[in-house]
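Worksheet for the structure shown next.
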Amino acid sequence: MQKFFFNKKLVITLIALIISFLLIAYSITVRNNRSTPSFVQQVGNEAFGLVDRVISYPVGLVANAGSSVTDLLNTYEENQKLKQQIDQLAADKVENQTLRKENKQLKEQLKLDRSLTDYTKISAHVISRAPSAWQNQIVISKGSIAGVTKNSAVMSRKGLVGRVVEVNKSNSKVELLTTQNDASNRFAVQLESDGQVINGLITGYDSQKNQLIMGQITSKTKIKKGAQVITSGMGGNTPKGLLIGTVAKVTNDDDGLATKVYIRPAADMTDLSVVTVAKRED
């Protein structure tokens with residue numbers, strides 16, 4: 001049945017084409033024959049014009065459709081190129097931000113290194129920090145080959161972060177100030193208040209407040225908020241004068257003796273990427 005309708009349409013199309021060509025030939029003959037009455041010539045011209053329009057209209061539609069398809073393809077290709085450029089710009093932006101951050105960290109680390117003039121400085125990268133021991137330890141990229149020794153102090157860009165507790169040939173393990181290990185070797189520290197030097201030890205860390213705790217204080221001198229806390233140099237291989245942080249809060253007993261000093265760390269313990277090992281020579 002479908003084949004019958006297809007053949008029928010084909011026959012009608014062929015007949016229409018034949019009639020069209022006959023009308024064109026007839027209109028040309030009538031138009032060129034000067035003896036033909038003007039009315040007949042006019043009818044012939046009209047027929048020729050009608051046939052010409054009938055034929056040229058679908059041809060024009062096909063041409064316009066082809067042009068539209070070409071424009072659409074060109075627009076699609078251009079859109080794909082623009083998307084690739086946008087993706088590349090986004091990637092470049094992220095890379096530039098990372099490089100700027102790293103550059104800033106290295107500049108601050110270089111400034112810190114220049115301030116530790118009495119000690120050997122060994123710069124290193126943090127290569128490992130286990131989530132299960134996030135507040136306790138980090139592993140750095142320098143070891144005994146680079147001259148790192150056990151118990152050396154480790155600094156970040158802004159302050160002390162911990163002490164080397166294990167040394168391998170190409171890496172070392174660092175115990176952080178924020179460690180929860182009660183058996184760890186605590187730093188001897190000091191601060192100055194009203195011209196008086198007050199000594200003590202870093203005895204703990206309050207993870208909720210993100211504050212270090214200074215204890216074993218023997219002086220009754222009033223301690224002021226904002227006072228800087230530094231290493232006292234009496235803690236084995238730890239150099240004197242390394243910044244720990246600033247006093248945030250002080251608790252006293254009934255006699256007015258300070259029992260605990262809460263210290264806001266100078267170093268950002270959540271962002272450790274580049275560190276400096278301060279190796280004491282004496």
Side-chain angles (χ1 to χ4, degrees), residues 101-129 133-168 170-179 181 184-192 199-205 210-214 227-248 261 263-282:
K101 182 179 180 181
E102 183 178 357
N103 186 45
K104 181 180 179 181
Q105 291 174 344
L106 290 173
K107 282 183 177 180
E108 291 176 347
Q109 194 69 27
L110 180 60
K111 183 179 179 181
L112 169 67
D113 289 348
R114 289 174 177 171
S115 69
L116 300 176
T117 54
D118 297 331
Y119 311 96
T120 300
K121 288 83 62 180
I122 305 171
S123 295
H125 292 277
V126 176
I127 59 176
S128 176
R129 189 175 187 178
W134 188 262
Q135 294 179 348
N136 297 332
Q137 295 177 338
I138 59 174
V139 178
I140 61 176
S141 62
K142 295 294 177 64
S144 59
I145 295 177
V148 177
T149 58
K150 189 175 180 179
N151 292 325
S152 294
V154 180
M155 299 284 289
S156 73
R157 304 184 305 277
K158 298 180 180 179
L160 185 71
V161 298
R163 174 190 283 113
V164 176
V165 293
E166 182 181 310
V167 182
N168 302 305
S170 59
N171 59 73
S172 300
K173 185 179 294 183
V174 178
E175 188 174 61
L176 299 176
L177 280 170
T178 56
T179 181
N181 182 10
S184 62
N185 185 10
R186 299 296 184 175
F187 282 92
V189 297
Q190 64 180 205
L191 59 88
E192 201 171 304
N199 290 288
L201 291 176
I202 298 296
T203 57
Y205 172 70
N210 186 29
Q211 292 177 351
L212 301 168
I213 301 173
M214 174 182 172
Q228 285 193 337
V229 182
I230 61 174
T231 54
S232 64
M234 294 184 288
N237 290 346
T238 304
K240 181 179 179 179
L242 303 182
L243 180 62
I244 302 289
T246 56
V247 175
V261 177
I263 304 168
R264 185 177 296 106
D268 184 359
M269 299 295 183
T270 63
D271 184 23
L272 297 178
S273 56
V274 181
V275 296
T276 294
V277 178
K279 181 182 177 182
R280 191 168 177 172
E281 297 296 340
D282 57 347

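Along the sequence shown, the residues carry numbers beginning at 1. These numbers come from a predicted model, not from an experiment.
Residue Ile140 comes nearest to Ala124 through the heavy atom pair CB-CB, 4.1 Å, listed as atom of the first residue, atom of the second, then distance. Residues Thr238 and Arg163 come closest through the heavy atom pair OG1-NH2, 3.7 Å. Between Ala153 and Leu160 the shortest heavy-atom distance is CB-CD1, 3.8 Å. Contact between Leu212 and Pro265 at its shortest, heavy atoms only, is CG-CG, 4.0 Å.
Between the side chain of Thr231 and the backbone N or O of Pro239, at least one donor-acceptor pair lies under 3.5 Å. At distances below 3.5 Å, not a single donor-acceptor pair connects side-chain atoms of Ser123 with backbone N or O atoms of Thr276.
Of the inter-residue distances, the one linking Asn210 atom CG with Asp268 atom CG reads 8.0 Å to the nearest 0.5 angstrom. If you take CG on Leu243 and CE on Met155, they are separated by 6.5 Å, rounding to the nearest 0.5 Å. The OG1 atom of Thr203 sits 5.5 Å away from atom CD1 of Ile213, with the distance rounded to the nearest 0.5 Å. Summarising the geometry, atom CZ belonging to Phe187 is positioned 11.5 Å from atom CG belonging to Leu201; distances are rounded to the nearest 0.5 Å. The distance from atom CD1 of Ile263 to atom CD of Gln211, rounded to the nearest 0.5 Å, is 9.5 Å.
Evaluation of the salt bridge (Lys or Arg N to Asp or Glu O under 4.0 Å) rule for Asp271 yields Arg157 as partners, not counting sequence neighbours. Every residue was checked against the side-chain hydrogen bond (donor to acceptor under 3.5 Å, both in side chains) condition with Ser170, not counting sequence neighbours, and none meets it. Every residue meeting the side-chain hydrogen bond (donor to acceptor under 3.5 Å, both in side chains) condition with Thr149, not counting sequence neighbours, appears here in chain and number order: Ser152. Partners of Gln190 under the side-chain hydrogen bond (donor to acceptor under 3.5 Å, both in side chains) rule, at least two apart in sequence or in another chain, are Asn199. Evaluation of the side-chain hydrogen bond (donor to acceptor under 3.5 Å, both in side chains) rule for Asn168 yields Asn171 as partners, not counting sequence neighbours.
A 4.5 Å side-chain heavy-atom check between Ser232 and Val189 finds every atom pair outside the cut-off. In this structure the side chain of Leu191 reaches within 4.5 angstrom of the side chain of Met214, judged on heavy atoms.
Test Val126, Val274, Val161 against Ser156 for side-chain contact (heavy atoms from CB on, under 4.5 Å) and you get one pass: Val161.
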Review item, side-chain donor-acceptor pairs of residues 172-179, under 3.5 Å, at least two apart:
| residue | atom | partner | partner atom | Å |
| --- | --- | --- | --- | --- |
| Ser172 | OG | Lys142 | O | 2.7 |
| Thr178 | OG1 | Gln135 | O | 2.7 |
| Thr179 | OG1 | Asn136 | OD1 | 3.4 |
| Thr179 | OG1 | Asn181 | N | 3.1 |

